[in-house]
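Being a predicted model, the structure only gives us computed values, none of them experimental. Reminder, nothing fancy here: chain letters follow the sequence lines and each chain counts from 1.
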Amino acid sequence: MSNREENRLESPAQARYRRLRRRRERWIQLSRCGILLAFLLLWEGLARFGVIDAFLLSSPTRMAQTLVELTRSGEIWPHLWTTLSETLLGFALGAGLGILLAIALWWSPLLTRILDPYLVVLNALPKIALGPVLIVWIGAGMPAIIAMSLLISGIVMLVTVLNGFLAVEMEKRTLLRAFGASKLQEFTMVVFPGALVSTVSALKLCVGMTWVGVIVGEFLVSRAGLGYLIVYGGQVFQLDLVMAGTAVLCLLAALMYLGVAHLEKRLLARRG
Amino acid sequence: MTDQPLLAFDHVSMCYHDDSGETEVLSDFSLRLMPGEFVALLGPSGCGKSTALSLAAGLLRPDSGRVTLRGQEILRPPQHCGYMLQRDHLFPWLTVRQNAALGLRVRQKRLSARQKAHIEELLAACNLTEFADAYPAQLSGGMRQRAALVRTLSVEPDFVLLDEPFSALDAQTRLRLSDEVRQQLRGCATLLVTHDVSEAISMADRVVVLTRRPARICAEHAIDLPGLPLERRRDPRFREEFDRIWKELDVHEQ
Ligand SMILES: Nc1ncnc2c1ncn2[C@@H]1O[C@H](COP(=O)(O)OP(=O)(O)O)[C@@H](O)[C@H]1O
Ligand SMILES: [Mg+2]
């Protein structure tokens, strides 16, 4: 179908529309970069002219310098690697366990009913409050950090995915059953693909939640990682370090989000 | 042999239970569908028509009485049963062709060459060949319901259950599609459920009029009109049948 549309000659009005459209897109990209640039320039300027205290609030150049030093000395890599591995592990576990539990609960409505109040409370609870408990139970180390992020992201994942499963139309399932489908087929042929859109958006949520969990975990217990770097910088009043760590974190989080968005595109591409 | 019904309801009763109490939906309901026969179940909405179809599809079991297919009690969804609902329920993530093969894919991993050819034939018969690789979202309502018809027929059904399959369509599409469906189902035993009197008369060999809930059979009419639905609607006798059945249906509505 799209082939036929491409082969058709474009009318002047359509060409004009496309030109305007492209210009608009360029303008949007430009504005986005512009905002960041303006922000950095303003910050730098205010720091240079002494309007703000560069010692307390750092400045883009000082931040960049710190980053260069951290990279040159190689000090940044262990921190980066620690946080990244914690996050990837936390994400995989949170997403995986969340989906598996959602499947189990979908399978057994009775279990869902029984566990409902617990899910509600767990979902509403600020999981950070469980930090001290986790540290005592698991010890102050990487496992506690991963448990923290698992707790924060896994429950969101579970609840969102389960709701997606339950929202799949009953009649579609009935139709499949009339064809003789088993419960497993019902799940694989209609419930899972039918809820794919919401599962993928749950994954996006999960990325953000995992970062929250990991950084909070690192604030609480760790001796390494970007969260640790940030807290450490704060404690010794090295705000350049805090800002540098935050910048790297922004970059990583954005990259991971892009990865999931790319996955989303690929997963949902085949749909009309 | 020809006297044996394909599908039979024998003194079937059925209740639903929920917190608001018991709802008796079918009460001592008996019906026979002969091979090749097209029967319309006509009744006010909420009287239990869909429930009767669910029983025939093996999705529900009756409280008492028996529902049988060629004399065998239906305990699970029968293999060669086509089921079509009010809405097409095409899966938006599958192409029209994949949707059409859905019933077969439930039972087997891959389709035989013969089955594939059969699906292509059905798509062609329903003017969908051009859209076989399109997704349902790209199709109009009538085309979607035709795709659902192909999905229903691809399992080579012994009998077909139609649950108000046209009621979600606009009037014109509805007329055209009922013609097309009737044509495709020629010779296939069919149970159509509807609350539309003219639809029932225009399509069926026999119209069974049901009472309000709990559904009981209040009258049966053999419809002896020739041709396809559109032709039948133009027949002068169509009006007579309509008036007759309309009155019967009326008696039971307030
Ligand atoms: N699962 C169910 N639980 C309780 N009541 C139901 C259920 N399904 C249908 N009913 C009730 O049974 C009656 C008959 O339903 P149905 O067979 O769908 O009627 P129809 O198809 O003729 O409109 C309706 O009054 C409906 O409210
Ligand atoms: Mg109904």
Side-chain angles (χ1 to χ4, degrees), chain A residues 1-8 99 103 106-107 109-110 112-114 116 161 163-203 263-272, chain B residues 50-51 53-60 74-96 98-109 130-139 144 147-148 151-152 154-155 157 159-161 163-165 168:
Chain A
M1 282 192 82
S2 62
N3 253 343
R4 209 187 309 156
E5 276 156 30
E6 277 161 28
N7 290 340
R8 208 184 297 145
I99 290 179
I103 293 174
W106 174 82
W107 202 274
L110 180 65
T112 312
R113 283 282 290 153
I114 293 173
D116 187 56
V161 171
N163 282 333
F165 287 166
L166 295 177
V168 171
E169 275 170 298
M170 201 55 208
E171 278 205 321
K172 282 203 166 70
R173 293 170 52 190
T174 305
L175 183 86
L176 218 53
R177 267 212 308 282
F179 281 132
S182 63
K183 186 145 187 176
L184 182 63
Q185 282 179 315
E186 227 180 285
F187 180 77
T188 56
M189 294 180 81
V190 64
V191 173
F192 190 76
L196 193 60
V197 176
S198 70
T199 304
V200 171
S201 55
L203 280 179
L263 182 78
E264 174 179 35
K265 226 176 178 172
R266 283 199 37 188
L267 277 177
L268 304 181
R270 285 180 300 119
R271 303 188 169 202
Chain B
S50 297
T51 305
L53 288 198
S54 299
L55 287 166
L59 296 168
L60 294 176
I74 296 177
L75 301 172
R76 65 186 68 79
Q79 187 147 23
H80 295 283
C81 160
Y83 193 26
M84 208 169 152
L85 300 164
Q86 186 171 347
R87 301 199 16 241
D88 54 72
H89 291 299
L90 296 175
F91 293 180
W93 56 90
L94 298 179
T95 63
V96 168
Q98 290 166 330
N99 266 293
L102 191 70
L104 295 170
R105 291 294 310 281
V106 166
R107 293 180 193 267
Q108 48 202 91
K109 270 259 171 306
E130 199 186 337
F131 299 96
D133 294 311
Y135 287 91
Q138 296 164 272
L139 269 52
R144 292 174 61 115
R151 179 184 61 198
T152 306
S154 68
V155 296
F159 65 107
V160 170
L161 306 169
D163 195 345
E164 308 193 23

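- Interface check for chain A: of the options Leu161(B), Leu104(B), Leu85(B), Thr95(B), the most heavy-atom pairs under 4.5 Å are formed by Leu85(B).
- Summarising the geometry of Ala178(A) relative to Tyr83(B), their closest heavy-atom pair is CB-CD2, 3.4 Å, with the distance given to 0.1 Å.
- Contacts of Thr174(A) with chain B are made by both backbone and side-chain atoms, with heavy-atom separations under 4.5 Å.
- With rounding to the nearest 0.5 angstrom, the CZ atom of Arg105(B) is 6.0 Å from the CE atom of Met189(A).
- Although no hydrogens or angles enter the test, the distance criterion places no donor-acceptor pair under 3.5 Å between the side chain of Arg177(A) and the main chain of Gly58(B).
- Of the listed residues (Arg151(B), Arg87(B), His80(B), Met84(B)), the greatest number of heavy-atom pairs within a distance under 4.5 Å of chain A belongs to Arg151(B).
- Of the listed residues (Pro77(B), Ser54(B), Pro78(B), Pro136(B)), the greatest number of heavy-atom pairs within a distance under 4.5 Å of chain A belongs to Pro77(B).
- Residue Leu90(B) holds its CG atom at 8.0 Å from NZ of Lys172(A), rounded to the nearest 0.5 Å.
- Remark: Leu175(A) CG to Thr152(B) OG1 distance equals 7.5 Å, nearest 0.5 Å.
- Neither the backbone nor the side chain of Leu94(B) comes within contact range of chain A, judged by heavy atoms closer than 4.5 Å.
- No more than 12 heavy atoms of other residues, nucleotides or ligands sit less than 6.0 Å from atom CZ of Arg76(B).
- Of the atoms belonging to Gln185(A), it is side-chain heavy atoms, and not backbone ones, that fall under 4.5 Å from chain B.
- Contact detail for Phe179(A) and Val155(B): the closest heavy-atom pair is CE2-CG1, 3.8 Å.
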